[in-house]
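I have placed the structure first, in the form of C-alpha cells, so that the comments after it can refer back to it.
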Amino acid sequence: MSQRQWIAVDEYFTGALIDTDTDGDTDTDNALHAALAASDAAGLPAIAVSPAQGKLLNLLASLINARHILEIGTLAGYSAIWLARALPPDGRLITLESESRHAEVARTNIAKAGLADLVEVRVGPALDTLPQLEQERSSGQAQPFDLVFIDADKEHNADYFAAGVRLTRPGGLIIVDNVVRGGAVLDAGSDNSTVQGTRRLIDTISADPSVSATAIQTVGVKGYDGFVMALVKAP
Ligand code: SAH
Ligand code: DHB
Ligand code: MG
C-alpha cells in the first residue's frame with residue numbers, strides 16, 4: 001500500500017460521492033473549489049481538510065443537528081464552509097484565526113459561498129479569543145456549542161480541548177484534526193512540539209471523565225493522519 005494508492009482511492013470516492021453535483025446546486029459546489037483556488041492564489045498553505053474529510057465534518061454536524069459550531073483554525077475557510085453548510089438558517093459558526101491575512105481570505109470565500117450571515121471569523125490567538133467566548137458564555141450572551149472542530153497550532157491542543165469542553169453542551173461533539181501525523185504521535189520522546197502537543201491532548205482527554213473519546217486513523221490525499229472525536233457527556 002502506498003501514498004499513491006491512498007490518493008487514487010480518495011480521488012475515486014471523492015469524484016463519485018462528493019464532487020458529483022447531486023442536488024443541482026452547482027453554485028455552492030463551485031464555492032468550495034473557488035475557496036481553495038483563492039487560498040492558493042493568496043499564498044496560503046494547502047493544508048485544509050480534504051473534500052472527503054470536509055464532507056465528514058458536514059455529515060457529523062448534520063447528524064447532531066448542530067446549530068452552534070466553533071472552529072479553531074480558519075485558514076481560508078474551507079472546513080468552515082463544509083461545517084456551516086450543515087447549519088439551519090438561524091445557526092451560527094464562530095471560527096478563530098490568529099492571522100488577519102488568513103481571516104480576510106476566509107471572509108471573502110465564506111461570503112462567496114453565501115454563508116456570510118452564518119459565519120463569524122474572529123481574529124486573534126485562540127488562547128486570547130477562547131477566554132472571550134467563555135466570558136460571553138458565562139454572562140449568558142452566548143449559547144453553548146454543539147460541535148467544536150480544533151485545527152490550529154497543535155502545541156496548544158490540550159488547552160483548546162479543555163476550553164472546548166467548557167463551551168460545549170452535554171451531547172456535543174469535539175473533533176481534533178491531525179493527531180497521527182504519519183505515526184509520529186507514538187514517539188513519546190519526540191522533540192517535535194506538535195507531537196508533544198498532541199500527546200498532551202491525549203493525556204488531557206484520558207484524564208477527563210466528562211468526555212468519551214476515540215481516535216481514528218485516516219489515509220488519503222493528506223497522507224496518513226487521523227482525528228480525535230470526543231462526546232461531551234451529561235454531567
Ligand atoms: N481548518 C482549516 C485549516 C486550518 S490550518 C481547513 O481545514 O480549511 C491552521 C490555521 O490555524 C492557520 O490558518 C493558522 O494561521 C491558524 N492558527 C495557528 N495558530 C493559531 C492560534 N494560536 N490561534 C488561532 N489560529 C491559529
Ligand atoms: C498540516 C496539515 C493540517 O491538517 C494542519 O492542520 C496543519 C498542517 C500539514 O500537512 O502540514
Ligand atoms: Mg488540519
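Atoms within each ligand, like the ligands themselves, are counted from 1 in listed order.
Nearest protein heavy-atom contact of atom 25 (N) of ligand 1 is S98 N, 3.2 Å. Here the heavy atom of the protein found nearest to atom 10 (C) of ligand 1 is E97 OE1, 3.6 Å. Looking at atom 6 (C) of ligand 1, its nearest protein heavy atom turns out to be S79 OG, 2.9 Å. Regarding atom 9 (C) of ligand 1, its nearest protein heavy-atom neighbour is D151 O, 3.2 Å. Counting only heavy atoms of the protein, atom 21 (C) of ligand 1 lies nearest to D153 OD1, 3.4 Å. Among protein heavy atoms, the minimum distance from atom 7 (O) of ligand 1 is reached at V49 N, 2.9 Å. For atom 9 (C) of ligand 2, the nearest non-hydrogen atom of the protein is R181 NH2, 3.2 Å. Atom 5 (S) of ligand 1 has I47 CD1, 3.7 Å as its closest protein atom, hydrogens excluded (heavy atom only).
In this structure, H156 falls outside the shell of residues with a heavy atom less than 4.0 angstrom from ligand 1. Residue W82 places every heavy atom at 4.0 Å or more from ligand 1.
No side-chain N or O of D159 forms a donor-acceptor pair with one of H156 less than 3.5 Å apart.
When heavy-atom distances to ligand 2 are checked against a 4.0 Å cut-off, D225 has no atom that comes that close, whether in backbone or side chain.
Of the polar atoms of G73, at least one N or O is found under 3.5 Å from an N or O of ligand 1, judged by distance alone.
Of all protein N, O or S atoms, those under 2.8 Å from the Mg ion (ligand 3) number 3.
With N178, V176, V49 as candidates, the residue nearest to atom 3 (C) of ligand 2 on a non-hydrogen basis is N178.
Of all atoms in ligand 1, numbered sequentially from 1 with element shown, those under 4.0 Å from a heavy atom of Y78 are 8 (O). Residue-ligand proximity, E71 to ligand 1, at heavy-atom distances under 4.0 Å covers atoms 1 (N). Below 4.0 Å from some heavy atom of A126 lie the following atoms of ligand 1, by number and element: 21 (C), 22 (N), 23 (N), 24 (C).
Between S210 and V165, the shortest heavy-atom contact is OG-CG1, 3.7 Å.
Within the 3.5 Å criterion, the main-chain N or O of G197 finds no donor-acceptor partner in the side chain of E155.
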